[in-house]
Structures are given as C-alpha cells and as structure tokens.
*Asks:* 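Quick one: the structure is below, questions incoming.
No experiment lies behind these values; they were computed from the predicted model shown. Just so it is clear: chains get the letters A, B, ... in the order the sequence lines come, proteins before strands, and each one is counted from 1. Note that these values count all heavy atoms, side chains included, but never hydrogens, waters or copies made by symmetry.
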Number of protein chains: 2
Amino acid sequence: MLTDRQLLILQVIVDDFIRSAQPVGSRSLSKKEEISFSPATIRNEMADLEELGFIEKTHTSSGRIPSEKGYRYYVDHLLLPEQLGHSDVHKVKSVFAERIYELEKIVQRSAKILSELTNYTSIVLGPAVKDNKLKKIQIVPLNKETAIAIIVTDTGHVENKIFQFPASLDSGEMEKLANILNDRLAGVPLVDLTNKIYKEVAVLLRLHISNYDLMLHAIADTLKMPGHEKLFFGGKTNMLSQPDFSDINKLRGLMNMIEHEDSLYKLIREKKSGISIKIGRENENSAMEDCSLITATYSIGTEQLGTVAILGPTRMEYSRVISLLQLISTDLSRVLTDLYQNK
Amino acid sequence: MLTDRQLLILQVIVDDFIRSAQPVGSRSLSKKEEISFSPATIRNEMADLEELGFIEKTHTSSGRIPSEKGYRYYVDHLLLPEQLGHSDVHKVKSVFAERIYELEKIVQRSAKILSELTNYTSIVLGPAVKDNKLKKIQIVPLNKETAIAIIVTDTGHVENKIFQFPASLDSGEMEKLANILNDRLAGVPLVDLTNKIYKEVAVLLRLHISNYDLMLHAIADTLKMPGHEKLFFGGKTNMLSQPDFSDINKLRGLMNMIEHEDSLYKLIREKKSGISIKIGRENENSAMEDCSLITATYSIGTEQLGTVAILGPTRMEYSRVISLLQLISTDLSRVLTDLYQNK
DNA sequence: AATTAGCACTCGTAATATAAGAGTGCTAAC
DNA sequence: GTTAGCACTCTTATATTACGAGTGCTAATT
C-alpha cells in the first residue's frame, strides 16, 4: 500500500507531467507549494514508486514520467473533478441553446465543440437507429424502372435507397405496395423489418402485386440496415499539435487508424452507461499505445443511444476531459429526450 | 527559347526528381540512357536553366530541383501522357462495374480509388444539386408540432429537414399543403424554389391553410438550399507518407486546410470543363505552397456537375495523375449520364 | 528512525571539430 | 562546342567535448 506521501508525490508528478510534457525531477518537485520535503527524500520515494511500477524514467538519469499503471492509479484514486470555467460551460450550453431539430446536426456540433475545448480529437457515435421505429415508408418512382424508397423513423431519421423494379409494375400497384408496407410495418423497429417482411408482408404481396418475388427481394434489400451507426469527428488533426506525437511515424499510425473508422468503432460501441477510461495499451490497439480514450454515453429517456468520446495522448487532462464529457453527455441526453421522448 | 538539349535535360531532371525526391546532379544525369553528353556539358546547361528560372539548387553545391516555373513548363510542354497499366484501368473500371444507383456512393467510391491508386489525397466535389428539379415533396408528421419535410429530386437525391408547425394545423390541412406544394413545385429547379414559393404558392396557401404566414416561412426555410455541395475525400492522411512533408509544421498547415473545407472548396468549385493544373503558389494558398492540385470535371450529358481533384506534392506524378483523372472523370460522366440522362 | 546534505556518476543535449562525399564552376585541353 | 580535370563549397555523418539536469548512495543531522 502506498503512503500518503507517495500518493502526494505521484499525484504531483502526474499533474506536472500532464501540464508540461517534461519528465519531472526531484528538485523541481521540491519547489512545489504542496511539497515540504527535500529532493533527497523525494528521490527515495520516487525510487520506491518506480519499483512499484507507477512511474518510469526515460533514461538512467532523467526525471520521472507516469507509467500506464501510474495513470491508472491517478485516474482511479487521485483525480479531483475539475470545476469547469464559466466560459467552457457557456460554450457547451450554447450548442444546445439554439433550436435545432436534426439529431445528426446536434451530434455533429457536440463533436466540434468538444474538440475545440480540449484540443484533442473527439468522436461521437451517432444515435443508434436500429431500435427506432418505422414511421413511414415512401416510394417515389424516378422513371419507369427506378424508384427511390424513403423511410422515416419516429425520431425523424431519414434513410433512402434507390432500387430497380420490373417495368411491368404500374403506378397503381406501386401505390398499393406502399400502402401495404406502411400498413404492416409502421411502428416496427428497423432492426426487425427484414424479418417481418418475409414473414408477414410476403403473403400480402403475393395476393396483390405482380412479379411478387422480384419485388419482395428488392424491398427487403432496400430496407436492410446500414452496417453500423455513423461516427462523427471533431479535431481530427488536433493530434498533430500534441508534443507527444512529434514522431511522424507514430502520427501516421494514429491518423490512419482514425481515418479507417472500423477499429475505432469497435472501441467505442456498446459501452456501459457512464464514463469509461482506457489508458494506452488498455485499448488493445497498437496505434493507440500512447493514447487514452475516454467515453461517455448519452441516451433518450432510459434508452441508451450513443457514445461521446475523447481521444488524446495518455498525457491528457483527464480531469477536465471527464468533466466536459459528463457535461456534454447529460446535456445531450436532456435535449434529445426533450425533443423526441414525448411524441 | 530553350534548345532541344535544354528541354531534354529539364525533362529528365523533373522526371528523376519526381521519382526520387532527391536533387539531381550532373553525374547521375549523364548516366541516363537518353543522355549522351558529359557531366560538364550538363553542368553548363544546368547553369543556363537555372539562370532562366526553371531549376534551382537547395544549397550551393547541391544537385538541381525543378522550380515552380520548371514544373509549369514541364506540364505545359514536356509531359508525355502515361499509358496506364492494365491493373490500374481495371481497378477504376471495377468501381463502375457494380450496379450502384446512389450518386453519392459512386462519387465516394471514385474518391477512394483515386487516392489508393495515387497515394495522394483525392477530393471530389459532389454533384451540383441546385439545378436538379424537384420530383416530389413529402411531409411526414412526427408529432403534433413537428414534421419532417423530404424532397426528392429527379436524380434521386434526397434532402430532409425537420420543422415545427402550429398545433392548430390538422392532418387534413397538412395533406392539402403537400398537394399544393407538389402541384406547384414539381419540375422546378431547387435553386428557384424559394422564389417560386413566395411568388406562387403563397397565394394558394392563403386560401386553403390556416396560419398561412407562419407555414409559409417554415416551408420556405425548410426548402432553402444547403450552402454548397458536399466534398468527398479519399486518402486524407496520404500526405503523411510523402517525404516532401516530413516537416511537421508544413504538415499541420496542410492537414488543417484539408479539414476546414472552405478554402479547398473555393479552389475546386466552378472549374471550366477539362483538366486544370495548379502548381504550388498558383493555388494562392499558403498551406499549399508545396502542393499541386489537379482537377477534372464530370457531367451528366452536357450539364457540368462536379469536380474530381488530386492534391499532391508539387513533386507529383503529373502524367499518371492526369491520365487517371481523365479516365475516372469520363467514366464517371458516362455512368451518371447512363443512369440519369434518359428518365 | 526518518530526513537531508553532499557527492560521484550517468546520460542526454548542444556545440565543435573532423572527414568523406556529392556536386559545382571554371579553366584549359581536345 | 565539348569534355577532362581540379579546386572549392556545402551537406552529412561521426567523434569529441563540455555542460547540466537528475540520479543513487552514503554519511551526517534531526
């Protein structure tokens, strides 16, 4: 178990390193207000902390920097929640002050403001639409063999897809088709659509529509869900300004990972509600060895919807980022709940 | 005027530098197949070429690199069109082989393949939708004060916007409204919608709809055009691997510009049809001092639609990039024309 | 027993010198 | 007009040195 003094020293080392990005030496530590003992004492304590794995040296006679374990301990036990400044709070609130009704736009804006306030990269996993319920299907013929199918969900999300149909189908039939679909599918969660189409709609189509099987597949294919929710980014290039990434190769790895969204998506989806912090290799992604990822979830009512995340160097301002994420995720949830809950 | 020998030397210098990114010396030049005179002769010619501003030294005794003027001359007079390899052509064709009907998806794919084939950054300015003609407006009520307006154009482009309306409006009126709009606005280019609404639709609304002025503005606002067409990117981070951008500050400037799309948009929009090449400072953008931008336009039928562009270092493979852009822009035009021309 | 002063030692960084090599410009010979 | 030859320049790499920040250990102090 760590002594109080060791905790204090660990805390100050982490704080200082987060601020300066420079290894922290015993002499500079001893000059801090909160520290009242000599460099020699500090050196002894630091030697112990190093032995325990909380801090490391960059070379034999350098100052110390926090290890991953050190950050982990700091985050778990030493973090004091940062009181956000007025101007920060104000900026966040301003995102939600304006009356915007597009869910996507709100989310996009949140990502932007987060990256601006932190100088890190922000990632927002868009609202899960698979549980949205179908409000309406519209079919608009473009020409005699092509039509566009538009589906609207109860949260106002719109998707569309162009499909081909047999020229033999006349406009009357097309209308009938739309009616059947709306009749049978309204209120069904998007994720269940395919199933329902084959089970219930197929029979009806057979009765009323010529070329029934061709259409059936066209429809089912058209209403298939997109692979996964969209990711929104803010400050994609902010990492270029972090001294931790002055090495262009590290940078390349990181930026590549950010651009090829799949692995990020894996890291971010399906978080339990609340704040989650992954430090360095805890992310199990070699490009993120020197990064930490902090995520928070947002929801409409009690239904968890998506995730807000900040990607920064392991040397990130944990306290501030956590406060900001907390603020924005609750605000986001509140606004979205207000907008879409009671319909 | 340049002598044939000077032209030859200039050409070989540019070619070699494009390949190697290293200043080219007289000795290595003299070893090339196409060159049959001694290093000393070459040095004399190079001194002349330098005096004329076509090449420069990086320091007193270095080999030469092309100047902007050199690149310009190379591009204008010395470029031999590259015969694309089978595999390149095949890859491009494969983008269009699959039957895709979403315009955006085709464009997106084109951007991706371009960046993969060049290792530069590709930018595609999406199809201009402002001249698309309105096919259909749909209004789907979400709850008693919110509805979503969906417009479909003749090319299958879909836009939607959520708007609020007075709770006093009943569903019958809403339907009437949709009918009026479709009746009056079908076939109207999107860009003229606002105008038409105030001039022609307003009168009708007054007759049939309660709360007519509130609705009028809601509608007009909803149908307002988005600021500008979307930009699609491929290989945003490819510049990280270009040796020309080993300097992290240059890189930062460039990446920032790419991320804040406005200035790029300015550089790309409203190109005359055909290929355009801007070298270095010709782009009039400080972040692009060491970049060249090559653009090509694509169209549906005779109507110019958008732009395909490659952003690379000034030391870019002009010949190859031009061939690729030509290939992809004509293919793109052909496919889009096939899809949307004869409706 | 805990703390601290003192000191030798390590290592990184920056400055300086040196050598090698690539390339040039010029002159004189071909 | 072309080219061989050569002195010169400048970059790059490597080694040398000096310096300073920081350490670990020991012995003295509290």
*Asks:* Quick one: is T58(A) getting a side-chain N or O under 4.0 Å of the dG12(C) phosphate, OP1 or OP2?
*Replies:*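 So the side-chain polar atoms of T58(A) never come under 4.0 Å of the phosphate oxygens OP1 or OP2 of dG12(C).
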*Asks:* Could you check S26(A), S30(A), S38(A) and say which one makes a side-chain hydrogen bond (donor to acceptor under 3.5 Å, both in side chains) with R43(A)?
*Replies:*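 Filter result, single survivor: S26(A).
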*Asks:* Given dT4(C), is OP1 or OP2 found less than 4.0 Å from the side-chain N or O atoms of S38(A)?
*Replies:*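 For dT4(C), OP1/OP2 do have a side-chain N/O of S38(A) under 4.0 Å.
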*Asks:* Indicate yes or no: does D16(A) engage R19(A) in a salt bridge with an N to O separation below 4.0 Å.
*Replies:*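 Looking at D16(A) and R19(A), the cut-off is met.
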*Asks:* Which of these nucleotides, dT2(D), dT3(C), dT4(C), is closest to any side-chain atom of N44(A)?
*Replies:*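 From the listed options, dT4(C) comes nearest.
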*Asks:* Taking T237(B) as the fixed residue, which of E259(A), K236(A), R252(A) is the one that meets the side-chain hydrogen bond (donor to acceptor under 3.5 Å, both in side chains) rule?
*Replies:*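 With T237(B) as partner, E259(A), K236(A), R252(A) yield a single side-chain hydrogen bond (donor to acceptor under 3.5 Å, both in side chains), made by E259(A).
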*Asks:* In this structure, how many angstroms lie between the P atom of dG1(D) and the CD1 atom of I42(B), rounded?
*Replies:*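 That distance rounds to 18 Å.
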*Asks:* How many whole angstroms separate atom CD of E56(A) from atom C1' of dT23(D)?
*Replies:*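 After rounding, the reported distance stands at 16 Å.
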*Asks:* Assign each of R5(B) and P23(A) to its nearest nucleotide of DNA chain D by heavy atoms, then name whichever residue's nucleotide is nearer the 5' end.
*Replies:*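 Counting from the 5' end, the first nearest nucleotide belongs to R5(B).
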*Asks:* Under the 3.5 angstrom rule, does the side chain of S319(A) hit a backbone N or O of L80(A) as a donor-acceptor pair?
*Replies:*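 Such a contact is found between S319(A) side chain and L80(A) backbone.
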*Asks:* Round to a whole Å and report the spacing from CG of D48(A) to C1' of dT3(C).
*Replies:*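 Distance check: D48(A) CG to dT3(C) C1' gives 14 Å.
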*Asks:* For the side chain of R43(B), counting heavy atoms from C-beta on, which of dC10(D), dT3(C), dT24(C) is nearest?
*Replies:*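 Side chain of R43(B) sits closest to dT24(C).
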*Asks:* By nearest heavy atom, map R64(A) and T60(B) onto DNA chain D; which one lands nearer the 5' end?
*Replies:*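 In this pair, the answer is T60(B).
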*Asks:* Provide, to the nearest angstrom, the distance between the CD atom belonging to Q6(B) and the C1' atom belonging to dG1(D).
*Replies:*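 Checked: the CD to C1' distance equals 14 Å.
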*Asks:* Rounded to whole Å, how long is the line connecting atom NZ of K31(B) with atom P of dT3(D)?
*Replies:*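 Roughly 16 Å, once rounded to whole Å.
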*Asks:* Would you say T41(B) places a side-chain N or O within less than 4.0 Å of OP1 or OP2 belonging to dT2(D)?
*Replies:*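 Checking T41(B) against dT2(D): no side-chain N or O falls below 4.0 Å of OP1 or OP2.
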*Asks:* Between dC10(D) atom C1' and I65(B) atom CD1, what is the distance in whole Å?
*Replies:*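 So the two atoms are 16 Å apart, to the nearest Å.
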*Asks:* Rounded to the nearest Å, what distance is computed from the CG atom of residue L29(B) to the C1' atom of nucleotide dT3(D)?
*Replies:*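 Roughly 16 Å, once rounded to whole Å.
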*Asks:* Hey, does the side chain of K57(A) come within less than 4.0 Å of dG12(C)'s phosphate (OP1/OP2), counting only N and O?
*Replies:*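 Indeed not, no polar side-chain atom of K57(A) lies that close.
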*Asks:* Output the single nucleotide from dT4(C), dT3(D), dG24(D) whose closest atom is nearest the side chain of A40(B).
*Replies:*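 Closest nucleotide to the A40(B) side chain: dT3(D).
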*Asks:* Regarding dT10(C), can its base be found pairing with the side chain of S61(A) as donor and acceptor, where the two atoms are less than 3.5 Å apart?
*Replies:*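 By the distance-only test, yes, there is a pair.
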*Asks:* Is any side-chain N of the basic residue among K91(B) and E116(B) closer than 4.0 Å to the acidic one's carboxylate O?
*Replies:*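 No, this pair does not count.
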*Asks:* Can you tell me the distance, in whole Å, between the CZ atom of R27(B) and the P atom of dG21(C)?
*Replies:*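 Going from CZ in R27(B) over to P in dG21(C) covers 13 Å.
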